[in-house]
Amino acid sequence: MSNLGPVRTRFAPSPTGFFHIGGARTALFNWLYSRHTGGKFILRIEDTDKARNSEEFLRVIYDSLKWLGIDWDEGPGMGGGHGPYRQSERNDVYRLYLEKLRTTGRTYEKDGAIWFRLNGERHTVHEKYKEDDGTEHDRIVERVKAAPVLIHDLIRGDVSRAEDRDFVLVRANGEPGFHLVNVVDDIAMRITHVIRGEDHLSNTSKHIELYNALGEPPPVFAHIPLILKADGKGKMSKRDRGALIEEYQARHFLPEAVRNFLCLLGWTPGDGREILPIADVITQFELHDVHQANARFDERKMAFFNQQYLRAMPAPAFAQKALSALHQAGLVDANASTDDAHIQSILILLQEKLPSLENIADMSTYFFTEEYPYSPNVRETLTKKGDPVARVRQLLPAFTQLASMDDATAIDAAITTTATAFAAKPSEYFAPLRYAISGLGSGPHLHDILRILGKERTLIRMDRFQ
Ligand code: GLU
């Protein structure tokens with residue numbers, strides 16, 4: 001096996017669709033293993049299928065990898081000694097290897113395509129097949145009795161599989177096919193470890209046949225488990241909610257949180273921590289610890305990770321991100337600054353409470369404008385317990401008497417006095433007051449909101465509440 005010398009892993013996406021968490025997790029595991037071993041991580045673009053590739057999808061791959069902090073040592077934009085790193089630019093290389101296979105008698109032409117010839121006894125079988133119009137027919141096809149190949153998989157153990165039919169190397173339209181380009185580039189780019197999704201396991205025996213035919217030692221294989229939907233029913237697909245990396249980017253998730261979450265899709269840290277810095281993951285990450293069992297995607301767990309990371313952020317870093325989210329939501333203007341004491345006091349409250357930066361506008365509009373919305377659901381709940389407008393009206397005289405909104409004890413006294421006068425409990429005033437001044441049913445501590453709004457804005461809001 002060619003695992004002598006420095007480790008070289010690669011991520012080899014085909015830009016034929018949006019970049020989803022399955023691809024990101026494969027990239028991440030390759031990256032982690034290269035960083036763990038002090039090796040190199042290569043990005044190679046498998047874009048030979050011209051009809052299905054798009055530059056837009058490619059841009060999303062670069063963008064998402066960068067956003068996740070998965071940097072490549074060789075590949076597009078980085079160069080390296082084994083380029084070019086886009087397969088569409090490597091036809092010369094494929095021709096060379098194809099010629100090698102041809103001279104050793106391992107290729108033949110049929111129906112315009114170039115096929116790989118398996119070694120082994122040949123026989124024919126009858127096979128049923130369906131035409132496009134649904135009619136069934138019989139055909140005679142050739143099968144090969146090839147010796148089984150043994151895959152030493154670092155995760156799945158030894159897997160033995162025999163190929164029984166030749167496969168296409170170059171398609172009838174002249175484009176080199178997946179098996180050829182994938183194997184040739186892993187050889188030419190000196191890849192030592194192929195870490196890819198378990199769905200590729202069925203290709204690996206074909207690939208080992210090609211390595212053998214080319215007289216090259218195969219790399220080490222590690223097939224990582226699939227990612228299932230939360231209910232375990234079926235594989236996560238690009239259409240499932242939460243599947244696309246760019247979605248998290250657009251929703252202002254923290255890339256470190258998403259990356260940490262992805263690390264745990266098929267791998268568990270030895271020390272039992274789930275939330276841990278990437279440097280610790282790099283130290284611990286071994287391929288033989290990757291699970292055989294399929295992973296499950298749990299959207300709530302991802303959201304929980306994101307919230308934990310938000311809370312743990314240093315306040316100035318949080319303030320930067322929060323302010324840019326507020327700016328995008330149109331709540332502050334471009335020259336709003338994190339140095340502003342008023343803004344700072346709001347952001348400190350939000351950092352504790354915010355599930356995600358995507359919720360920042362919903363949770364804080366009332367701090368920035370008088371035009372904040374009143375949640376109809378909250379009103380309905382409050383109304384079941386009494387008339388919130390009446391409660392707020394009752395509070396108004398005592399609140400008018402307050403010198404400011406800075407003194408929590410004085411505020412509590414004003415509420416208690418009012419409650420006593422109307423034979424009610426102080427607690428019956430909190431929710432209506434919160435609703436009147438914020439439009440919401442929950443949020444930071446009421447005293448904190450009052451202090452930040454100040455007396456004048458509080459009284460105006462209470463007075464016009466109806
Ligand atoms: N282009 C293939 C894919 O996107 C790469 C498979 C591999 O990693 O070998 O699935």
Side-chain angles (χ1 to χ4, degrees), residues 7-13 15 18-45 57-80 85 193 195-197 224 227 242-269 273-287 290 295 297 299 301-314 316-322 324-325 356-358:
V7 163
R8 290 173 63 83
T9 65
R10 87 306 193 265
F11 177 52
F18 282 105
F19 191 55
H20 59 110
I21 55 164
R25 196 267 317 249
T26 301
L28 179 62
F29 279 21
N30 276 282
W31 179 83
L32 283 170
Y33 192 61
S34 73
R35 296 304 177 250
H36 174 74
T37 52
K40 294 269 187 275
F41 173 62
I42 290 107
L43 177 62
R44 173 174 86 222
I45 306 302
F57 290 141
L58 193 55
R59 193 191 53 72
V60 175
I61 292 172
Y62 296 151
D63 246 35
S64 302
L65 289 175
K66 284 182 191 153
W67 183 72
L68 286 167
I70 300 176
D71 56 334
W72 52 98
D73 305 304
E74 294 176 25
M78 283 302 294
Y85 292 91
H193 291 68
I195 304 163
R196 60 184 173 192
I224 57 185
I227 304 173
L244 303 183
I245 295 299
E246 60 186 312
E247 212 177 286
Y248 295 104
Q249 219 172 333
R251 289 168 63 191
H252 301 289
F253 270 60
L254 299 178
E256 296 84 0
V258 176
R259 186 174 61 188
N260 189 158
F261 173 83
L262 291 175
C263 288
L264 304 181
L265 289 175
W267 177 81
T268 317
R273 276 182 303 168
E274 287 218 299
I275 294 189
L276 71 173
I278 196 70
D280 294 5
V281 177
I282 290 173
T283 309
Q284 296 188 39
F285 190 82
E286 291 287 358
L287 286 172
V290 173
F297 175 77
E299 207 181 352
K301 185 167 174 176
M302 171 85 103
F304 173 75
F305 272 42
N306 190 52
Q307 183 172 27
Q308 297 303 307
Y309 269 84
L310 266 185
R311 281 210 192 140
M313 265 175 107
F318 172 81
Q320 281 287 319
K321 286 208 188 265
S324 102
S356 163
L357 281 169
E358 71 174 321

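In this chain, numbering begins with 1 at the start of the sequence shown.
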Nearest 0.5 Å, what's the [atom1]-[atom2] distance between [X] and [Y]?
X    : Y    : atom1 : atom2 : value
F253 : L310 : CZ    : CG    : 9.0 Å
E358 : H252 : CD    : NE2   : 8.5 Å
T268 : E274 : OG1   : CD    : 7.5 Å
R273 : D280 : CZ    : CG    : 4.5 Å
W67  : E246 : CH2   : CD    : 11.0 Å
T26  : I195 : OG1   : CD1   : 9.5 Å

Note to self: Quick test of your reading: applying salt bridge (charged side-chain N to carboxylate O under 4.0 Å, His left out), list the pairs with at least one residue in residues 20-37, sequence neighbours left out, ordered by first then second residue.
What the structure shows: R35-D71, R35-D73

Is there side-chain contact between [X] and [Y], with heavy atoms separated by less than 4.5 Å?
X    : Y    : result
H20  : I227 : no
S64  : I70  : no
R196 : F29  : no

For [X] and [Y], work out which heavy atoms get closest and say how close.
X    : Y    : result
R44  : P13  : O-CD, 3.2 Å
G80  : E74  : CA-CG, 3.9 Å
Y248 : G242 : OH-O, 2.6 Å
Y85  : L43  : CB-O, 3.6 Å
A295 : G266 : CB-N, 3.8 Å
L264 : P269 : CD2-CD, 3.5 Å

Checking [X] side chain against [Y] main chain: does a donor-acceptor pair fall under 3.5 Å?
X    : Y    : result
T37  : S34  : yes
R10  : I42  : no
N306 : L254 : yes
N260 : L276 : yes
H36  : T283 : yes

Next item on the list: Can you sort out the partners of S324 under side chain to side chain donor-acceptor pair (under 3.5 Å), two or more places apart, ordered by chain and number?
Entry: none

Next item on the list: Determine the interplanar angle of the F261 and F305 rings, folded into 0 to 90°, and report it as parallel if under 30°, tilted if 30 to 60°, perpendicular if over 60°.
Entry: perpendicular

Margin query: Below 30° counts as parallel, above 60° as perpendicular, anything between as tilted: where do the rings of Y33 and H193 land?
Written below: tilted

Notebook entry, point to check: L32 and I278: side chain to side chain contact (heavy atoms under 4.5 Å, CB included), yes or no, with the steps?
Noted result: CA-CA 9 Å; L32 283 170; I278 196 70; 4.0 Å; yes

Margin query: Aromatic contact between F11 and W31, with the criterion being ring centroids under 6.0 Å apart: yes or no?
Written below: no

Margin query: Could you walk me through whether F285 and V290 satisfy the side chain to side chain contact (heavy atoms under 4.5 Å, CB included) test, starting with their C-alpha distance in whole Å, then the side-chain angles of each, then the deciding distance to 0.1 Å, before giving a yes or no?
Written below: CA-CA 9 Å; F285 190 82; V290 173; 4.1 Å; yes

Next item on the list: Report the C-alpha distance between I45 and Y62 in whole Å, list the side-chain angles of each, state the deciding distance to 0.1 Å, and finish with yes or no for side chain to side chain contact (heavy atoms under 4.5 Å, CB included).
Entry: CA-CA 10 Å; I45 306 302; Y62 296 151; 3.9 Å; yes

Next item on the list: Take atom CZ of F304 as the centre, draw a 6.0 Å sphere, and report whether it contains more than 12 heavy atoms from other residues, nucleotides or ligands.
Entry: no

Next item on the list: For R311, check salt bridge (charged side-chain N to carboxylate O under 4.0 Å, His left out) against everything at least two apart and list the hits.
Entry: none

